[in-house]
Chemist: 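The structure's right below; bear with me while I get my questions together.
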Amino acid sequence: MGAPLVIGVDVGGTKILSGVVDRDGNVLGRNLVESPGTSEQDVLGALDACVEALVDDRVGAIGLGVPANLDRATGRVLRATNLPLDDFDLAAHARSRFGLPVAVENDTNAAALAEWKLGAGKGLASLVMLTLGTGVGGGIVLDGRLFRGWAEIGHMVVQVGGPPCQGNCHGRGHLEALASGSAADRIAQELWGQQADSRTLVERARAGVDEALGALDEVAEALGAAIGSLANLFDPELIIVGGGFGEAVADLVLGPAQEAARRQALAPADGTLRVVPASLGEDAGLVGAGLVGFEALDGAW
Ligand SMILES: [Zn+2]
């Protein structure tokens with residue numbers, strides 16, 4: 001019997017989550033390490049430890065989800081977001097370290113793959129997933145295939161001349177500057193001072209505080225504008241919204257965002273476009289990395 005399991009690794013800017021994953025997306029064991037994020041050597045050490053903690057003879061391959069732009073032909077990490085991994089062949093590193101097939105995918109593409117194969121988008125031929133976390137990422141499934149390229153959905157302009165974007169981005173009014181966890185932190189601080197953050201905003205909205213509800217309406221408008229544009233570009237059957245901030249505000253924001261999106265969308269999406277929460281929660285990235293691992297196991301890499 002061939003090894004039926006893989007290790008998926010969700011490599012984040014602050015933590016590395018690994019898990020033993022089966023073909024149905026069940027996570028059979030998991031491990032979390034803080035990602036030091038200060039040097040390439042530290043990150044690789046943390047990554048190796050995260051795999052080492054779980055690897056046994058049932059494991060036949062490794063899938064890595066990385067917040068990075070990848071060379072599509074080789075899987076080489078060209079430029080990572082929030083990680084000191086530039087122009088580095090991560091797959092080759094893990095292959096030689098563990099002697100197993102290894103595949104690498106962008107982390108939000110991996111999350112979209114998981115939501116499509118096993119989560120809220122199961123059985124559909126097209127969808128767009130948006131991940132609202134510290135930043136905003138996303139993945140696109142079209143014609144029954146995951147788009148494997150670099151889709152920076154968070155950096156769509158939704159407000160010309162709007163607030164400056166963050167990190168390496170020099171644009172303004174991007175979705176990430178208006179509808180991410182960091183955007184919510186900024187909005188809360190503008191309303192209530194430096195002590196406030198996105199949690200304050202969500203708590204106060206739940207308590208019915210007018211400024212908080214108004215601010216989340218603006219978040220929903222921005223998100224809806226982006227989703228309406230995505231609907232007009234790709235005509236997806238479904239829009240899935242996940243990520244830590246996305247989950248925290250799903251019941252407050254997704255309904256109004258769907259309404260706002262339908263106002264921008266062409267027929268028939270102006271009446272049919274659906275915006276739903278992700279269903280795999282924080283495990284989407286991990287499970288998606290596992291699915292990528294199965295691609296390596298099956299010889300697709
Ligand atoms: Zn941007």
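Numbering of ligands and ligand atoms starts at 1, following listing order. Side chains are part of it too, since the values below use all heavy atoms of this structure and drop only hydrogens, waters and symmetry mates. Predicted model only: the values in this text are computed from it and were never measured.
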Chemist: For R172 and G162, indicate whether the former's side chain and the latter's backbone hold a donor-acceptor pair under 3.5 Å.
Modeler: yes

Chemist: Would V136 end up clustered with V157 when hydrophobic side chains under 4.5 Å apart are linked, directly or stepwise?
Modeler: no

Chemist: Answer yes or no: is there an ion pair linking R145 with D143, defined by an N-O contact shorter than 4.0 Å?
Modeler: no

Chemist: Tell me if a side-chain donor or acceptor on E115 pairs with a main-chain N or O of G121 at a distance below 3.5 Å.
Modeler: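 Not at all, since once roles are kept as given, no pair shorter than 3.5 Å links the two residues.
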
Chemist: Do you know how many protein N, O or S atoms are within a distance smaller than 2.8 Å of the Zn ion (ligand 1)?
Modeler: 4

Chemist: Kindly say whether T134 contributes a backbone atom to a donor-acceptor pair with the side chain of Q166 at under 3.5 angstrom?
Modeler: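 Yes, the answer is positive, given that a donor and an acceptor are paired below the 3.5 Å cut-off.
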
Chemist: Are the side chain of D24 and the backbone of N26 linked by a donor-acceptor contact shorter than 3.5 Å?
Modeler: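 Flag not set: sc D24 to bb N26 has no pair under 3.5 Å.
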
